[in-house]
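What follows is a single structure, written as structure tokens, with notes after it.
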Amino acid sequence: MKKIIIGAAIAALMATGFAYAAGHGDAINQRKAAMKEVGGAMGAMGKMAKGEMDFDAAVVLASLEKMNNVAKTFGDHFPAGSETGMDSEGKETTAAPKIWEDMGGFKAAISKFEGDTAAAMATAPQSVAELGPVLGAVGANCKACHETFRVKK
Ligand code: HEC
């Protein structure tokens, strides 16, 4: 009987241990996937701005909305313990230690991104000329946050 209880306790501990480890890998996967979406959305709008892709107001709006949605949950993907590690493709996280040193500042940067993308959605650009300043305002967030909260690897 004792053996079974101890065995069960060990199994339970191991299960939590695995869930813990997987949780961190998941967090890195989720935040990288989220940022890839943001990068793709930015890329499409950038191509329109440069005339490499036909302007499409619906795609612009969908791209801004995608970024706004990412901003809403991005802060959830940085649990303690996920400072280092790799995604499922073996790519190391480029999240900077600064995130965990200044979680308030990081969350504020995410809120700003959420606010600026919402404002951009509200303007709903209808031409390349209108898209330019919107991209400028949204794009400033990428640079500002990456400079402070991301490391080059
Ligand atoms: C509030 C902070 C913040 C904002 C705003 C932000 N990023 Fe990021 N971004 C990050 C962090 C942190 C990482 C590193 C994630 C990791 O490697 O764990 C990252 C990583 C990335 C990556 C690499 C993803 C990968 O596959 O490793 C791309 C691409 C990217 N960001 C694009 C953008 C673009 C484009 C914008 C603006 C439209 C943007 N980001 C705005 C914080 C931000």
Side-chain angles (χ1 to χ4, degrees), residues 14-153:
M14 279 172 68
T16 17
F18 286 134
Y20 200 54
H24 292 163
D26 272 3
I28 295 172
N29 272 329
Q30 282 164 351
R31 68 201 190 209
K32 278 186 180 287
M35 274 295 141
K36 273 179 199 154
E37 270 192 54
V38 168
M42 196 65 185
M45 291 192 288
K47 277 187 183 158
M48 286 183 209
K50 283 190 246 163
E52 292 167 10
M53 194 192 270
D54 285 343
F55 180 84
D56 185 331
V59 171
V60 168
L61 203 58
S63 302
L64 294 170
E65 197 174 1
K66 198 176 272 180
M67 290 184 184
N68 185 254
N69 278 332
V70 164
K72 282 181 183 143
T73 55
F74 193 58
D76 301 344
H77 309 316
F78 297 84
S82 70
E83 291 89 338
T84 55
M86 292 173 185
D87 67 5
S88 53
E89 289 166 13
K91 291 209 184 93
E92 258 183 76
T93 178
T94 54
K98 179 91 181 156
I99 291 175
W100 291 271
E101 289 159 17
D102 180 17
M103 193 50 90
F106 182 58
K107 293 265 166 86
I110 298 173
S111 293
K112 184 179 179 292
F113 186 46
E114 189 182 341
D116 286 355
T117 48
M121 281 161 68
T123 66
Q126 296 301 316
S127 65
V128 171
E130 286 177 18
L131 177 61
V134 166
L135 271 192
V138 168
N141 287 272
C142 327
K143 192 165 180 277
C145 188
H146 289 176
E147 271 175 9
T148 315
F149 296 111
R150 199 176 166 209
V151 291
K152 292 196 176 78
K153 276 188 182 161

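Remark: the backbone N or O of P79 is paired with a side-chain donor or acceptor of S82 at under 3.5 angstrom.
Side chains of T93 and M86 form no contact here, defined as non-hydrogen atoms less than 4.5 Å apart.
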Going by atom type alone, with no hydrogens or angles, which donor-acceptor pairs under 3.5 Å involve a side-chain atom of residues 133-141 and a protein atom two or more places apart or on another chain?
unit_1 : atom_1 : unit_2 : atom_2 : d
N141   : OD1    : F113   : N      : 3.4
N141   : ND2    : D116   : OD2    : 3.0
N141   : ND2    : A137   : O      : 3.1
N141   : ND2    : V138   : O      : 3.2

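Between the NZ atom of K152 and the NE2 atom of H146 there is a distance of 10.5 Å, given to the nearest 0.5 Å. To the nearest 0.5 Å, the span separating CZ on R150 from OG1 on T94 amounts to 4.0 Å. Interatomic distance, D26 CG to R31 CZ, rounded to the nearest 0.5 Å: 11.5 Å. Note that the CD atom of E130 and the OG1 atom of T123 stand 7.5 Å from one another [nearest 0.5 Å].
In this view, K72 and N68 satisfy the side-chain hydrogen bond (donor to acceptor under 3.5 Å, both in side chains) rule, not counting sequence neighbours. Remark: F74 pairs with F78 by the ring-ring contact (aromatic ring centres under 6.0 Å, His included) rule, at least two apart or across chains. In this structure E92 satisfies the salt bridge (charged side-chain N to carboxylate O under 4.0 Å, His left out) test together with K153, sequence neighbours excluded. Shown here are the side-chain hydrogen bond (donor to acceptor under 3.5 Å, both in side chains) partners of S88, two or more places apart in sequence or in another chain: N29.
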(request) Dump the intermediate steps for side chain to side chain contact (heavy atoms under 4.5 Å, CB included) on M67 and E114, then the final yes or no. (result) CA-CA 8 Å; M67 290 184 184; E114 189 182 341; over 6 Å; no
(message) Please determine whether side chain to side chain contact (heavy atoms under 4.5 Å, CB included) holds for the pair M103 and W100, giving the CA-CA distance in whole Å, both sets of side-chain angles, and the decisive distance to 0.1 Å.
(response) CA-CA 5 Å; M103 193 50 90; W100 291 271; 3.9 Å; yes
(request) Before giving the answer on side chain to side chain contact (heavy atoms under 4.5 Å, CB included), spell out for F106 and I110 the whole-Å C-alpha distance, their side-chain angles and the decisive distance to 0.1 Å. (result) CA-CA 6 Å; F106 182 58; I110 298 173; 3.6 Å; yes
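Within the structure, side chain to side chain donor-acceptor pair (under 3.5 Å) pairs that include any residue of residues 46-67 do not occur (at least two apart or interchain).
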